[in-house]
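Scroll down for the structure; my scribbles are underneath it.
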There are 2 protein chains.
Amino acid sequence: MLPAQPNQSLIDGVRCLQAVATAGVPIGGRELARRLEMEPTRANRLLKTLAAQGFLHQDGDRKYQPGAGMHVLAAQSLHGSGMLQRALPVLARLRRRRPALIVALGVLWHDQVSYLYHADPQTPPHQAIGRLGAYPASISSIGMALLATRDDAEIRDLYRGRIIPGHPEGLGSLMGAIRTARRRGFAHVVESENPPHSTLAVTVGVPAEAAIAFAGHSLFPDAETLAVLLRQASLEITPPTTG
Amino acid sequence: MLPAQPNQSLIDGVRCLQAVATAGVPIGGRELARRLEMEPTRANRLLKTLAAQGFLHQDGDRKYQPGAGMHVLAAQSLHGSGMLQRALPVLARLRRRRPALIVALGVLWHDQVSYLYHADPQTPPHQAIGRLGAYPASISSIGMALLATRDDAEIRDLYRGRIIPGHPEGLGSLMGAIRTARRRGFAHVVESENPPHSTLAVTVGVPAEAAIAFAGHSLFPDAETLAVLLRQASLEITPPTTG
DNA sequence: AATTCTGTTGCTATTATAGCACCATGTTGG
DNA sequence: CCAACATGGTGCTATAATAGCAACAGAATT
């Protein structure tokens with residue numbers, strides 16, 4: 001997957017971009033260098049390069065925050081991959097069909113899930129986008145549904161030697177859950193037994209590029225029914241020209 | 001603005017990222033290299049580096065398109081800078097107040113405007129985000145309102161020696177329009193006289209990080225009234241802690 | 001005033017990248 | 001069917017760009 005000559009500057013540069021975006025508050029260069037375990041001079045130069053291009057903005061205290069270029073990139077990528085555009089009407093219909101449940105659309109990135117759409121019953125539809133940050137994949141049904149599409153080896157590499165959220169017993173427990181998800185064609189994650197609260201997700205696209213989910217109380221009885229609903233929705237979202 | 005040692009790999013890398021996002025369709029490495037006037041090997045390695053990090057995805061034809069990492073970055077940046085979150089309810093109210101008009105929120109990046117929110121009367125509110133790509137700043141009221149906050153020298157550098165959309169007479173004409181916008185405190189761009197259609201924008205934030213606009217028929221008679229409405233909205237969107 | 005942060009730059013050894021030449025594969029068209 | 005020409009990708013080494021120490025100025029803290 002990595003090219004013969006991967007570009008380390010680019011890798012660390014986008015790590016900086018990412019870190020500023022996730023920080024939530026303006027953050028200084030040295031502080032950021034510590035978080036990413038980078039040499040401060042290097043971080044400083046990458047950050048200032050990004051700032052000069054307009055992807056970051058330095059406020060009065062010279063701290064960094066997302067800049068206009070980043071917003072442009074965000075809008076263009078959401079617009080460019082028509083996925084969200086195709087998904088939104090379908091997701092709105094899912095909400096009308098099951099008004100008591102949370103409806104969400106998310107993508108997997110490394111071991112984290114990010115929600116492009118996350119609407120609980122009280123949320124006005126126009127506030128459902130970009131509402132949440134990142135979330136551990138292993139305790140999210142969207143994450144589990146997407147992990148299930150990956151090779152066992154890849155999953156093992158991702159979690160080897162680390163504590164796995166939701167699976168304190170270790171990798172074996174996670175792989176068991178993954179196999180169950182593969183067999184059933186959907187992921188069902190129980191967040192709590194009492195009160196009963198769980199999440200259920202199926203993937204979207206071939207190969208899977210995202211997943212859609214229901215979340216709420218008592219999904220146990222009609223998991224299959226909900227999975228069928230989600231699978232229908234998934235097919236509608238999948239682009240006619242397979243990419 | 002540029003650091004003592006700007007990182008060229010990072011600059012070209014994000015240019016690639018940007019180019020793939022704006023392409024709209026999957027695009028090959030060599031094609032992209034031509035568009036950016038880059039050496040193909042270089043483009044290839046930058047693209048594959050981005051793909052390995054999950055920011056781009058290579059489809060079956062090895063063409064590149066936005067990947068999960070880019071969506072994560074998009075969601076996090078929209079979420080991270082709380083601007084859109086604060087803006088959405090205010091924009092919804094503006095739509096209710098003036099149901100016949102288009103309501104938009106956009107940011108300026110170089111000489112282009114990108115809309116984070118663009119809702120015409122027929123658009124369901126949840127489809128108003130990420131709906132449009134980039135647009136020339138000089139023929140957009142949002143672009144003009146934001147350009148007006150920049151130094152004259154900066155604007156001149158941006159457009160020197162280029163054809164300026166909407167101002168075929170050249171830089172002098174643009175600077176005149178900029179001065180008018182500064183004097184009045186809002187930008188008013190007339191797109192056509194017959195049928196009458198124009199756009200009106202004010203900036204958001206100090207320093208200006210975005211602008212909000214009305215667009216529609218016959219904005220001429222009550223430009224001042226609409227500007228007042230937008231200014232009130234702008235103040236509500238501006239974060240309590242000035243950044 | 002002294003201390004310790006911070007952001008930033010200058011400098012040069014060192015390292016990572018540039019880009020040619022090349023290969024494998026796929027597509028077009030005679 | 002087989003040129004002819006695309007394409008994505010890699011190996012190699014000169015070369016140019018980066019790494020990171022040392023240093024400086026300014027803020028904040030003590």
Side-chain angles (χ1 to χ4, degrees), chain A residues 1-17 19-21 23-67 207 241-243, chain B residues 1-21 23-67 70 207 241-243:
Chain A
M1 200 63 170
L2 265 165
Q5 234 178 67
N7 191 304
Q8 199 59 42
S9 297
L10 179 53
I11 292 175
D12 286 341
V14 291
R15 277 181 72 214
C16 287
L17 204 61
V20 173
V25 294
I27 181 174
R30 269 179 144 98
E31 163 70 14
L32 196 134
R34 269 189 302 268
R35 288 195 197 182
L36 300 180
E37 299 183 49
M38 250 185 228
E39 204 280 331
T41 307
R42 181 167 170 71
N44 182 356
R45 284 171 177 156
L46 292 172
L47 288 166
K48 274 203 99 64
T49 299
L50 290 167
Q53 305 305 113
F55 290 100
L56 295 177
H57 172 76
Q58 277 189 288
D59 66 12
D61 296 337
R62 296 195 280 189
K63 293 192 186 306
Y64 295 91
Q65 49 190 94
T241 79
T242 305
Chain B
M1 201 64 171
L2 265 165
Q5 233 180 68
N7 190 304
Q8 198 60 42
S9 297
L10 179 53
I11 292 175
D12 286 342
V14 291
R15 278 181 71 213
C16 287
L17 203 61
Q18 178 82 24
V20 173
V25 295
I27 181 174
R30 268 179 146 99
E31 164 71 13
L32 196 135
R34 268 190 301 267
R35 288 195 198 181
L36 300 180
E37 301 183 47
M38 250 185 228
E39 205 280 329
T41 307
R42 182 165 170 71
N44 182 359
R45 284 170 178 158
L46 292 172
L47 288 167
K48 273 203 100 63
T49 299
L50 289 167
Q53 305 303 113
F55 290 99
L56 295 177
H57 172 75
Q58 278 190 287
D59 66 11
D61 296 337
R62 295 195 282 190
K63 292 192 185 306
Y64 295 92
Q65 49 190 96
M70 201 147 160
T241 80
T242 303

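All of these numbers come straight from a predicted model, not from anything done at the bench. Protein chains get the first letters and strands the later ones, always in sequence-line order, with residue 1 at the start of each.
- Within the 3.5 Å criterion, the main-chain N or O of B:Phe55 finds no donor-acceptor partner in the side chain of B:Gln53.
- Both B:Lys63 and B:Asn7 lie near DNA chain D, and the one whose nearest nucleotide falls closer to the 5' end is B:Lys63.
- Out of C:dG19, D:dG11, C:dG7, the shortest distance to the side chain of A:Arg62 is found at C:dG7.
- For B:Ala4, whose side chain is taken as the heavy atoms from C-beta onward, the closest listed nucleotide among C:dT9, D:dG8, C:dG19 is C:dT9.
- With hydrogens and angles left out, the side-chain atoms of A:Lys48 and A:Gln58 include a donor and acceptor closer than 3.5 Å.
- The one candidate from B:Val20, B:Leu32, B:Leu36, B:Leu46 that meets the side-chain contact (heavy atoms from CB on, under 4.5 Å) condition with B:Arg15 is B:Leu36.
- Between the base of D:dG8 and the side chain of B:Arg30 there is a donor-acceptor pair shorter than 3.5 Å.
- Nearer the 5' end of DNA chain C, as judged by each residue's closest nucleotide, is the contact made by B:Gln5, out of B:Asp61 and B:Gln5.
- No side-chain donor-acceptor contact under 3.5 Å links A:Ser9 to the backbone of B:Ser9.
- Nearest-nucleotide positions on DNA chain D for B:Thr41 and B:Arg34 put B:Arg34 closer to the 5' end.
- Ranking D:dG20, C:dA21, D:dT18 by closeness to the A:Arg45 side chain, first place goes to D:dG20.
- Position along DNA chain C of the nearest nucleotide to B:Glu39 versus B:Pro3 favours B:Pro3 as the more 5'-ward residue.
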